[in-house]
Undergrad: 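Got a structure for you, questions after.
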Amino acid sequence: MGEVVDAGKKEANGSLADLNPTVVFVLGGPGSGKGTQCANIVRHFGFTHLSAGDLLRAEIKSGSENGTMISNMIKEGKIVPSEVTIKLLERAMLENGNDKFLIDGFPRNEENRAAFEAVTKIEPSFVLFFDCSDEEMERRLLGRNQGREDDNIETIRKRFKVFQDSSLPVIEYYNSKGKVRKIDAGRPVEEVYESVKAIFEPKNEKAD
Ligand SMILES: Nc1ncnc2c1ncn2[C@@H]1O[C@H](COP(=O)(O)OP(=O)(O)OP(=O)(O)O)[C@@H](O)[C@H]1O
Ligand SMILES: Nc1ccn([C@H]2C[C@H](O)[C@@H](COP(=O)(O)O)O2)c(=O)n1
Ligand SMILES: [Mg+2]
């Protein structure tokens, strides 16, 4: 008889090396609109959206042994150790079945970046960077109303500082490799998406 599998869960099959997925990192400050724009990209371009923050919040809810540590770090706006987040991302990619992923909110610091590269051997195709002012991001986060424990002014300020100090250097790293596609994310959702769409649409380059 075959193995009984929990009906609610998919099995993580194979390895990432076998899957060899296309990966786009989606970066930007807290509230810059990463999740909002990823939902649009998924609808039109067949990617699967994996938000590192969502995976960490699900891990807290699952009652995992790391739950309390993750919850405390998120409340403080700090970055969870890479091995925890990378395991969640690897599992999500292998369980999913798709081979095109938008990885949202990762890598958040140099440790995330270097560990992901070392463990998965995956190079992102490019990095989508949503550039937005702190004033606009703060307004959006305070109006988000999704019950997130980190959407309060004290934690928001800490998250902004971590973004400046730890996440921007990662974007600069990829920029030096010509991989960053920067989007002015301070505009209305539909306008931002027009710019995003242009990046994902295949180019109609004329042959000679
Ligand atoms: N271009 C936009 N203009 C106005 N509001 C927006 C825009 N994009 C997103 N929002 C709103 O701002 C809030 C934050 O957006 P979203 O959750 O997509 O940001 P995020 O970058 O994923 O944030 P976080 O890093 O905190 O997860 C949401 O309430 C969303 O509806
Ligand atoms: N690579 C990551 C991504 C997220 N986190 C933690 C810390 C963030 O403040 C929080 C929320 O993430 P968001 O949903 O805003 O992308 O999750 C992390 O530690 N490491
Ligand atoms: Mg988000």
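One-based numbering, in listed order, for ligands and for the atoms of each. All values derive from a computational prediction rather than experimental measurement.
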Undergrad: Need the list: ligand 1 N/O atoms against protein N/O atoms, distance under 3.5 Å, rounded to one decimal.
TA:
residue	atom	partner	partner atom	Å
ligand 1	1 (N)	Arg140	NH2	3.3
ligand 1	1 (N)	Arg187	O	2.8
ligand 1	1 (N)	Val189	N	3.4
ligand 1	3 (N)	Arg140	NH2	3.4
ligand 1	17 (O)	Arg144	NH1	2.8
ligand 1	18 (O)	Gly35	N	3.4
ligand 1	18 (O)	Thr36	N	2.9
ligand 1	18 (O)	Thr36	OG1	2.5
ligand 1	19 (O)	Gly33	N	3.3
ligand 1	21 (O)	Ser32	N	3.3
ligand 1	21 (O)	Gly33	N	3.0
ligand 1	21 (O)	Lys34	N	2.9
ligand 1	21 (O)	Lys34	NZ	2.9
ligand 1	22 (O)	Gly35	N	3.0
ligand 1	23 (O)	Gly31	N	3.0
ligand 1	23 (O)	Arg144	NH1	3.3
ligand 1	25 (O)	Lys34	NZ	2.7
ligand 1	26 (O)	Arg144	NH1	3.3
ligand 1	26 (O)	Arg144	NH2	2.9
ligand 1	26 (O)	Arg159	NH2	2.8
ligand 1	27 (O)	Arg148	NH1	3.1

Undergrad: Evaluate the side-chain contact (heavy atoms from CB on, under 4.5 Å) criterion for residues Arg113 and Arg108: first the C-alpha distance (whole Å), next the side-chain angles of each, then the deciding distance (0.1 Å), finally the verdict.
TA: CA-CA 7 Å; Arg113 187 200 65 72; Arg108 270 302 219 276; over 6 Å; no

Undergrad: Going by atom types alone, do Ser195 and Arg187 pair a side-chain donor with an acceptor below 3.5 Å?
TA: yes

Undergrad: Check Phe116 against Ile86 and note the closest heavy-atom contact, atom names and distance.
TA: N-CD1, 3.4 Å

Undergrad: Around atom NZ of Lys182, are there more than 12 heavy atoms of other residues, nucleotides or ligands at under 6.0 Å?
TA: no

Undergrad: Name the residues with a heavy atom less than 4.0 Å from ligand 2?
TA: Ala52, Gly53, Leu56, Arg57, Ile74, Lys78, Ile79, Val80, Gly105, Phe106, Arg108, Asn112, Arg148, Asp150, Arg159

Undergrad: Just to verify, what does Phe160 make a ring pair (Phe, Tyr, Trp, His ring centres under 6.0 Å) with, not counting sequence neighbours?
TA: none

Undergrad: Check whether Thr120 reaches the backbone of Glu117 with its side chain - one donor and one acceptor, N or O, closer than 3.5 Å.
TA: no

Undergrad: Can you name the residues that form a ring pair (Phe, Tyr, Trp, His ring centres under 6.0 Å) with Phe126, not counting sequence neighbours?
TA: Phe200

Undergrad: Tell me whether the centres of the aromatic rings in Phe101 and Phe25 are closer together than 6.0 Å.
TA: no

Undergrad: Pairing donors with acceptors under 3.5 angstrom, does anything connect the side chains of Thr155 and Asp150?
TA: no

